[in-house]
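For reference, the structure discussed in these notes is given below.
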Amino acid sequence: MIKISFKLLLAISTISSYVIADDFKAKAKFKPQYPKSAYVKRISGYAVVEFVINEKGRTENQSISSAKCFNLIDKNGAYFWYDFQNDEVSDAYDCKYFDFKALKASKQLIYENYAGKPIEHSYKYNFRHWSLIKVDSVIDLESGDFILK
């Protein structure tokens with residue numbers, strides 16, 4: 001007869017409750033349409049959508065957890081907003097330009113759910129305008145200057 005301690009049984013049961021990357025795999029992803037209002041204003045950005053992958057692999061309960069607008073990116077991948085009129089650089093700002101298109105695309109996602117139970121997940125949709133400014137330096141927000149590293 002095999003003896004299993006209560007602590008070992010408890011540890012095994014709690015490990016199985018965590019979601020790991022092998023519990024699901026994307027079967028179909030859809031690229032969202034670029035919002036015309038953001039395109040005209042030359043705004044790049046992203047929207048992070050949180051949702052639940054159900055037992056059948058479809059997404060449900062979609063919501064936006066964060067969304068930012070920017071028009072400048074540095075070599076480290078940090079996002080900024082450059083105000084051309086005032087010649088000022090600031091952090092990327094919260095915006096809603098990309099929410100609707102990201103939510104619409106997330107409703108079309110299809111996953112293979114190996115866990116057989118609902119899985120919480122998030123997906124980041126990037127919207128990059130052709131005019132996005134890429135710089136080879138880091139920006140000091142205090143002074144607005146580019147710092148070469």
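For this chain, numbers begin at 1 and follow the sequence in order.
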Linked, directly or transitively: V48 and F30 (ILVMFWY side chains, under 4.5 Å) = no

Determine, using the 4.5 Å side-chain heavy-atom cutoff (strictly less than), whether F127 and I64 are members of one ILVMFWY cluster.
-> yes

Centroid-centroid under 6.0 Å between F84 and Y82 rings = yes

Any chain of hydrophobic side-chain contacts (each under 4.5 Å) joining F51 to I110?
-> no

Got R128 and I73 here, is their nearest side-chain heavy-atom distance under 4.5 Å?
-> yes

Side-chain atoms of residues 35-45: list all donor-acceptor pairs with protein atoms under 3.5 Å, sequence neighbours left out, distances to 0.1 Å.
from: Y39; atom 1: OH; to: W130; atom 2: NE1; distance (Å): 3.4
from: K41; atom 1: NZ; to: Y97; atom 2: OH; distance (Å): 3.1
from: S44; atom 1: OG; to: H129; atom 2: N; distance (Å): 2.8

Give, for atom CG of N126 and atom CZ of F98, the distance between the pair rounded to the nearest 0.5 Å.
-> 10.0 Å

Please collect all side chain to side chain donor-acceptor pair (under 3.5 Å) contacts where either partner lies in residues 46-58, sequence neighbours excluded, each pair once.
-> N54-E60

Do N86 side-chain atoms and E88 backbone N/O form a donor-acceptor pair below 3.5 Å?
-> no

Any side-chain heavy-atom pair of I119 and V52 under 4.5 Å | no

Identify every side-chain donor-acceptor pair in residues 100-109 under 3.5 Å, counting partners at least two apart or on other chains, and give the distances.
from: K101; atom 1: NZ; to: Q33; atom 2: OE1; distance (Å): 3.1
from: S106; atom 1: OG; to: L103; atom 2: O; distance (Å): 2.8

Under 3.5 Å donor-acceptor, D83 side chain and Q85 backbone = yes

Once you round to the nearest 0.5 Å, how far does SG of C69 lie from NZ of K96?
-> 11.0 Å

Say whether Y79 and L132 are linked into one hydrophobic cluster, either directly or through other cluster members, by side-chain heavy-atom distances under 4.5 angstrom.
-> yes

Atom CD in E120, atom CD1 in I53: separation rounded to 0.5 Å?
-> 10.5 Å

Are E112 and K25 ion-paired here, with the side-chain N under 4.0 Å from a carboxylate O?
-> no

When rounded to the nearest 0.5 angstrom, what distance separates NZ in K68 from CH2 in W81?
-> 13.5 Å

Enter the distance from F80:CZ to S90:OG here, rounded to the nearest 0.5 Å.
-> 9.5 Å

